[in-house]
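These notes concern the structure reproduced below.
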Amino acid sequence: MSKCLLNNLSEMQDAQPAMLAAKQLLAHAMAPVYRVINGLLVVTVFMVVGLWLSGNGTNAGAFDLARILVPDEARHIVWSNGFSMLDQYKSANEGSSLSASNSDIASVIYHKSTSASAGLASAKKQTVALLMPSVAQVQVKSISHLADRIPTSKIDPQALDSNLMGSIQNQRAVADFYEKKYSLDRAKIEEYVSSTILIAKEVNIDPVLLLAVISVESNFNPNTKSHAGAEGLMQVMTSVHREKYALYGGTQEAIKPEVNIRVGAYILKYLIATAGSLRNGLKFYVGAANAEDDGGYADKVMAERNRLIGLCQTRSTNRLTLNGKDLRS
């Protein structure tokens, strides 16, 4: 009996080196396969993270997979915490360029909401110098969660921020222009100009364009109402856009400038992206999408826009300085 056990033990000891050699051979043979699998996993992770971070609001194709795997709000937090230092640096440089004569005009922190989630109050902060900073204290919901769904790549470059209204001098020049043109109360025109600039940042559209549309649509009279039912500074069709006004408590809020400009700015941006160009977007905005022409509406807005651009550019190039400080005429 013991002899049989010894023989079996001897056979097992002889088989162990063979098994180890087989395992090593198998591991060596499978090493390239493992490397390929690991490489594919790494590439997949990078692709998913890349799509997630670059999600452009199209809700199409591979972007859906990225949004399903990780919430969209988290992407905004990553951008905010990981890359906002560049924005802060840029904002600091822009702020330092403001003239000493305007030091009494405060900068405001603009909070760009990503969603209605209470846990994420803001995802992006930028310093915006306003002629009337108090407009930033008005408690009103952001519409950026809708505007951000429109890819910037679909927006006519003419409708994107020209950065002309970032200058307090230019804001003052535009306020002067409209105060005289429409015999407006100075405080009111400064309020409308400042609100438009703040909302343009929120929606990511050129404030010069919005000011031109407001001028043509309502002459800066928030109580204007057309026979067709368009109301407010941007003459938004209240009955057509009830669901957008629902965000702000209903259509009874339609004439409030801070609400009307937000809704109108979003609609205009959406129509520009849909129509493929700024002019066609304006044609859609005035309700002439299916007509041969828009009755000269786009020409009027573009002419007003160009007038404001010329006014701001002239103001910038003709600025007088003394010892590095701006002089007001």
Side-chain angles (χ1 to χ4, degrees), residues 94-95 97-99 101-110 112 126-138 140 142-144 147 159-224 232-236 255-266 268-269 300-316 319 326 328-329:
E94 290 175 351
S97 65
L98 294 176
S99 64
S101 60
N102 289 316
S103 58
D104 57 319
I105 301 174
S107 295
V108 299
I109 299 298
Y110 160 60
K112 186 173 184 181
Q126 37 183 321
T127 303
V128 183
L130 298 175
L131 200 58
M132 184 178 285
S134 59
V135 301
Q137 307 306 317
V138 177
V140 59
S142 170
I143 203 167
S144 62
L160 297 176
D161 196 349
S162 60
N163 296 317
L164 288 173
M165 296 305 293
S167 163
I168 291 294
Q169 288 80 10
N170 288 349
Q171 294 178 31
R172 185 177 289 112
V174 169
D176 291 342
F177 173 73
Y178 283 128
E179 180 186 16
K180 294 175 182 177
K181 183 175 182 178
Y182 297 121
S183 300
L184 295 171
D185 175 74
R186 180 67 188 192
K188 281 297 180 183
I189 191 59
E190 288 189 3
E191 175 190 335
Y192 298 154
V193 169
S194 296
S195 293
T196 301
I197 293 167
L198 194 68
I199 293 167
K201 290 287 186 183
E202 182 179 309
V203 177
N204 192 19
I205 196 170
D206 191 1
V208 173
L209 173 62
L210 293 185
L211 289 168
V213 170
I214 292 171
S215 176
V216 172
E217 288 283 359
S218 64
N219 297 345
F220 284 89
N221 181 0
N223 298 314
T224 301
L233 290 175
M234 292 197 66
Q235 289 293 279
V236 178
I255 64 171
K256 288 187 176 181
E258 64 272 17
V259 173
N260 190 270
I261 299 174
R262 274 182 172 83
V263 174
Y266 164 68
L268 180 59
K269 182 180 179 181
K300 291 178 183 177
V301 173
M302 294 297 286
E304 186 76 355
R305 169 183 171 273
N306 292 336
R307 189 176 294 114
L308 295 180
I309 290 174
L311 179 68
C312 293
Q313 290 176 338
T314 301
R315 182 83 176 186
S316 299
R319 190 178 298 166
D326 292 338
R328 302 184 210 174
S329 57

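Side chains are part of it too, since the values below use all heavy atoms of this structure and drop only hydrogens, waters and symmetry mates.
Scanning both residues, I214 and M234, for their nearest heavy atoms gives CG1-CG, 3.6 Å. Nearest heavy-atom pair across L131 and A175 is CD2-CB, 4.0 Å. Between P222 and Y192 the shortest heavy-atom distance is CG-OH, 3.3 Å. Scanning both residues, V236 and G264, for their nearest heavy atoms gives CG2-CA, 3.6 Å. Here the shortest heavy-atom pairing between P257 and L233 reads CB-CD1, 3.7 Å. A pairwise comparison of heavy atoms in A159 and L209 identifies CB-CD2, 4.0 Å as the closest pair.
Interatomic distance, CG of L130 versus CD1 of I168, reported as 6.5 Å (0.5 Å rounding). Note that OG of S218 and CG of N260 are 8.0 Å apart. Values are rounded to the nearest 0.5 Å. Taking NZ of K269 as the start and CG of N204 as the end, the distance is 4.5 Å to the nearest 0.5 Å. Separation of atoms CD1 (I261) and OG1 (T196) is listed at 3.5 Å; rounding is to 0.5 Å. Of the inter-residue distances, the one linking K181 atom NZ with R307 atom CZ reads 5.0 Å to the nearest 0.5 angstrom. Distance check: T314 OG1 to I309 CD1 gives 11.5 Å after rounding to the nearest 0.5 Å.
Side-chain contact between V135 and E258 is absent, with no heavy atoms from C-beta onward closer than 4.5 Å.
Under the 3.5 Å distance criterion, the side-chain polar atoms of S215 are left unmatched by any main-chain donor or acceptor of L211. Under the 3.5 Å distance criterion, the side-chain polar atoms of D185 are matched with a main-chain donor or acceptor of A187. Without hydrogens or angle criteria, E202 side chain to R262 main chain gives no donor-acceptor distance under 3.5 Å.
With sequence neighbours left out, the side chain to side chain donor-acceptor pair (under 3.5 Å) criterion links D161 to K201. The side chain to side chain contact (heavy atoms under 4.5 Å, CB included) search around K300 returns V216, not counting sequence neighbours. Take A200 and apply the side chain to side chain contact (heavy atoms under 4.5 Å, CB included) test, not counting sequence neighbours, and it matches I205, P207, L210. For E190, the salt bridge (charged side-chain N to carboxylate O under 4.0 Å, His left out) partners are R186, not counting sequence neighbours. Here K256 pairs with E253 under the salt bridge (charged side-chain N to carboxylate O under 4.0 Å, His left out) rule; sequence neighbours left out. Applying the side chain to side chain contact (heavy atoms under 4.5 Å, CB included) rule to I255 yields the partners N223, E231; only residues at least two apart in sequence or on another chain are considered. For Y178, the ring-ring contact (aromatic ring centres under 6.0 Å, His included) test picks out Y182, F220, with sequence neighbours left out. Every side chain to side chain donor-acceptor pair (under 3.5 Å) that E217 has, sequence neighbours left out, goes to Y297.
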- Task: Could you walk me through whether V193 and M165 pass the side chain to side chain contact (heavy atoms under 4.5 Å, CB included) test, one step at a time?
- Result: CA-CA 9 Å; V193 169; M165 296 305 293; 4.2 Å; yes
